Each structure stands twice: as structure tokens, then as C-alpha cells.
Amino acid sequence: MPVKTIVQSVNEAMEIALEQDPSVMVMGLDVGTNGGVFRATEQLQEKFGEHRVVDTPLAESGIVGSAIGLAANGMKPIVELQFMGFIYSAMDQLCSQAARVRFRTGGRFTAPMVIRGPFGGGVHALELHCDSYESFFTHTPGLKVVIPSSPYDAKGLLLAAIQDPDPVVFFEPMKIYRSVKEEVPDEAYTIPLGKAKIVKEGEDLTIVSWGAPVHIAKKTAEKLQSEKGVSVEVIDLRTLVPFDTETVINSVRKTGRVIVMHEAVKTSGFGAEVASRIMEEAFLYLESPVERVTGFDTPYPFSQIEHEWMPNENRLLRAVDKVLHY
């Protein structure tokens with residue numbers, strides 16, 4: 001089975017969707033001739049033509065607005081944003097239009113569209129390129145929010161998102177676009193939205209994460225197992241909306257201790273929602289308060305200090321020590 005990166009899997013998923021469904025199209029800045037800023041759409045315009053892989057003007061509000069009209073009239077547009085930080089210009093279109101189409105029309109119209117692009121830090125880029133914006137969209141009814149952490153999941157989740165009848169915001173962790181590799185089948189497959197993955201099973205502690213921090217959590221869990229005999233369960237949510245409460249709660253009932261780890265700032269980050277669900281449904285099973293390891297409540301910092309701003313192994317180990325010795 002071939003070994004692929006996340007960006008290769010994303011490209012392959014779009015190619016399969018374009019081949020299988022004539023209503024699928026790709027649109028965005030430089031997605032055609034140049035193949036996208038990270039080459040996620042490379043060669044797609046050559047294979048499917050400029051009417052299905054469309055280079056657009058530099059106007060995110062116009063791109064997303066056009067995609068909504070196309071989606072409501074039978075197309076399935078995949079919009080690439082060069083960086084998810086540029087989505088601010090399209091917040092009105094996405095949150096007040098796309099998210100409400102089904103509700104506003106009583107189901108007469110839907111908006112089967114995907115907004116995808118790179119997000120997250122760790123690559124020494126500028127602010128508005130590295131922030132984690134997922135909680136804006138998890139707080140918007142009508143949108144689904146997906147964040148893969150591996151090439152296999154990226155392909156299966158993106159194909160599922162393209163087939164979904166509602167708008168999906170698909171965040172692709174920039175830090176691990178090419179650094180994480182694994183075997184990915186060439187053929188089409190889907191991974192259901194709303195189903196978390198247990199990356200590593202454990203008995204003493206649960207770490208819940210998504211995106212690039214999943215790999216920090218897994219590495220730290222393996223280190224704790226080998227050096228201290230601490231058995232850590234690692235859960236990759238994969239989809240924030242729908243949220244797989246059942247998998248998280250079952251794990252917390254087993255371990256009694258939990259850490260939520262994400263790149264976004266702490267205040268109102270999705271980790272707070274995870275912690276609240278745990279308190280509502282598994283409070284009596286907890287041996288310590290839920291701990292969060294997150295970004296700090298500041299704008300994304302200069303690249304020279306971003307490693308200390310982002311969740312890292314040292315901060316996670318301190319949180320583990322805190323919950324184990326509460």
C-alpha cells in the first residue's frame with residue numbers, strides 16, 4: 001500500500017470526488033494553474049478543466065458567496081482558502097448564509113459545500129496564517145467542523161465531507177501537512193463524520209485532542225508508558241461537530257482522569273466544551289478536575305517564541321503530573 005502525506009491524501013480525495021461526481025468542483029485562489037499555495041490541488045485543473053477547477057479573484061467573501069449559490073443550485077463546491085486566517089472576510093457568507101440555508105428554507109435548499117485550507121502553527125509563519133479558529137464554527141449551528149490528524153483520516157474524512165448535504169469547514173493542520181506519513185489506499189473510502197478515534201488505549205489517564213497536537217499526545221503517552229509505567233489513552237476527536245461524546249465519556253469513566261489539549265487559545269476554546277460535557281455526563285467518575293493544555297489568551301506570537309506559546313510535550317507532562325497527583 002502506498003505511503004502518503006496529508007496534502008497528497010487531500011489532493012487524491014478531491015481527484016476521486018471530481019471523477020465520480022460531475023457536480024463536484026474546486027474553486028479558490030491559484031488552485032488551477034499553480035495547484036494551490038501548498039500544491040493540494042496540483043494537476044487537478046489539467047485533468048478536469050478550468051470550468052471544474054476554477055481560479056478565482058482574490059476576494060474570499062466573493063469565493064464563498066459564489067459557492068453558496070452554486071451549492072444551493074445542485075453543485076458541490078470545494079473552496080480552498082490559502083490560509084484559514086483569511087476566512088474572516090467570508091464570515092458573513094459562511095455563518096449567516098451557508099449555515100442557515102437548510103433551516104431558513106425549511107429543508108427546500110441545502111448547501112453541500114466544503115471550505116478547506118491549512119491552519120495551525122509551528123511553521124514559523126505570520127499571524128493570520130497560524131491561528132486555530134475552530135471554535136468560531138463549532139459555535140455556529142448548521143456547520144460541521146472536521147480536523148484530521150493523519151493522511152488516512154484526511155482522505156476518508158474529506159470524501160465524507162464532500163458527500164455531506166450540509167456545509168463542512170475542513171481544517172488541515174499545516175504543521176503536519178508533509179511531516180506525517182502513513183499507508184493510504186488508492187481507492188475511495190469514507191470515514192463517518194462524528195466518530196472519534198482511539199489512537200492509543202490506556203487505563204490511567206485520558207488525553208483528548210485533535211489536529212497536530214494528537215501527535216504530541218501520542219508521543220508523550222508512549223514515553224510515559226515506557227519510562228513510568230503510566231497507561232495513557234489518547235483520543236483524536238477528528239470531528240468537532242458532530243462531537244463524539246460517547247467515545248470520550250466511556251474513556252473518562254474508565255480512567256477517571258482527563259486532559260484536553262488543543263492549539264487554540266484557552267478561553268472559549270473547544271476544550272471548554274469537551275470539559276463541560278465530561279462534567280455533565282461523567283462527573284462522578286472523575287478522580288481530578290479536567291485539565292486543559294492550550295494556546296495562551298493572546299494573539300498568535302512572533303515565530304521566535306511560538307514553541308512556548310503552543311502546547312508542547314513539557315506543558316503536557318506538567319499537566320499529567322498534576323492530574324495524577326491531585
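Everything quoted here is computed from the prediction, not taken from an experiment.
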Can you tell me how far CD1 of Ile68 sits from CG of Leu94, rounded to the nearest 0.5 angstrom? 7.0 Å

Is there side-chain contact between Val169 and Val146, with at least one heavy-atom pair below 4.5 Å? no

Pairs touching residues 284-296 that satisfy salt bridge (Lys or Arg N to Asp or Glu O under 4.0 Å), sequence neighbours left out: Glu291-Lys322

Would Arg277 and Glu273 pass as an ion pair if we require N to O under 4.0 Å? yes

Grouping ILVMFWY residues whenever side-chain heavy atoms fall under 4.5 Å, the cluster of Phe296 otherwise contains Val265, Tyr300, Trp309, Met310

When rounded to the nearest 0.5 Å, the distance separating CD of Gln163 from CG of Leu193 is 9.5 Å

Same hydrophobic cluster for Leu70 and Phe170, using side-chain heavy-atom links shorter than 4.5 Å among ILVMFWY? no

Please check this pair: side chain of His325 against backbone of Asp321, looking for a donor-acceptor N/O pair closer than 3.5 Å. yes

According to side-chain hydrogen bond (donor to acceptor under 3.5 Å, both in side chains), who are the partners of Gln97, at least two apart in sequence or on a separate chain? Arg104

Looking only at non-hydrogen atoms, find the nearest pair between Ser150 and Ile6 and report the distance. C-CG1, 3.7 Å

Can you find a pair of side-chain heavy atoms, one from Phe137 and one from Val168, that are under 4.5 Å apart? no

Excluding Val232, membership of its hydrophobic cluster (Ile, Leu, Val, Met, Phe, Trp, Tyr; side-chain heavy atoms within less than 4.5 Å) reads Val199, Leu205, Ile207, Val214, Ile216, Leu224, Val230, Val234, Ile259, Met261, Val293, Leu316, Leu317, Val320, Val323, Leu324

Aromatic centroids of Tyr133 and Tyr88 separated by under 6.0 Å: yes

Sequence neighbours left out, what pairs pass salt bridge (Lys or Arg N to Asp or Glu O under 4.0 Å) with at least one residue falling in residues 170-194? Lys4-Asp186, Arg116-Glu172

Do Thr206 and Arg257 have side chains that get closer than 4.5 Å, going by heavy atoms? no

Those residues at least two apart in sequence (or on a different chain) that pass ring pair (Phe, Tyr, Trp, His ring centres under 6.0 Å) with Phe243 are Phe270

How far does OG of Ser132 sit from CE of Met84, to the nearest 0.5 angstrom? 11.0 Å

Within this structure, what is the CD1-CG distance for the pair Ile198 and Asp244, rounded to the nearest 0.5 Å? 9.0 Å

Quick one: name the residues clustered hydrophobically with Leu159, using the 4.5 Å side-chain heavy-atom rule over I, L, V, M, F, W, Y, and just say none if it's on its own. Ile16

Check whether the ring centres of Phe119 and His129 lie less than 6.0 Å apart, and answer yes or no. no

Using the side-chain hydrogen bond (donor to acceptor under 3.5 Å, both in side chains) criterion, which residues pair with Asn34? Sequence neighbours excluded. none

Just jot down the ring pair (Phe, Tyr, Trp, His ring centres under 6.0 Å) partners of Phe109, sequence neighbours excluded, or say none. none

Would a distance-only check, ignoring hydrogens and angles, find a side-chain to backbone donor-acceptor pair under 3.5 Å from Glu12 to Lys155? no

Heavy-atom check, side chain of Pro165 versus side chain of Arg102, under 4.5 Å: yes

Using the rule that two of Ile, Leu, Val, Met, Phe, Trp, Tyr join whenever any of their side-chain heavy atoms come within less than 4.5 Å, decide whether Val180 and Val7 are in one cluster. yes

Quick one: closest heavy-atom pair of Leu81 and Pro118, and the distance? O-CD, 3.4 Å

Can we call the ring centroids of Phe38 and Phe83 under 6.0 Å apart? yes

Less than 4.0 angstrom from a charged side-chain N to a carboxylate O is my criterion; do Arg238 and Asp153 meet it? yes

Partner set under ring pair (Phe, Tyr, Trp, His ring centres under 6.0 Å) for Tyr285, not counting sequence neighbours: none

Leu237 versus Val274: any side-chain heavy-atom pair under 4.5 Å? yes

Do Phe171 and Val145 touch side chain to side chain, with heavy atoms closer than 4.5 Å? yes

For Asp204 and Thr255, does a side-chain donor sit closer than 3.5 Å to a side-chain acceptor? no

Salt bridge (Lys or Arg N to Asp or Glu O under 4.0 Å) contacts touching residues 34-61 (sequence neighbours left out): Glu15-Lys47

Any non-hydrogen side-chain atom of Thr239 less than 4.5 Å from a side-chain atom of Lys144? no

I'd like to check Tyr326 versus Pro289 (side-chain heavy atoms, cut-off strictly below 4.5 Å). Are they in contact? yes

Which pairs count as salt bridge (Lys or Arg N to Asp or Glu O under 4.0 Å) when at least one residue sits in residues 222-234, sequence neighbours excluded? Lys223-Glu313, Glu233-Lys254

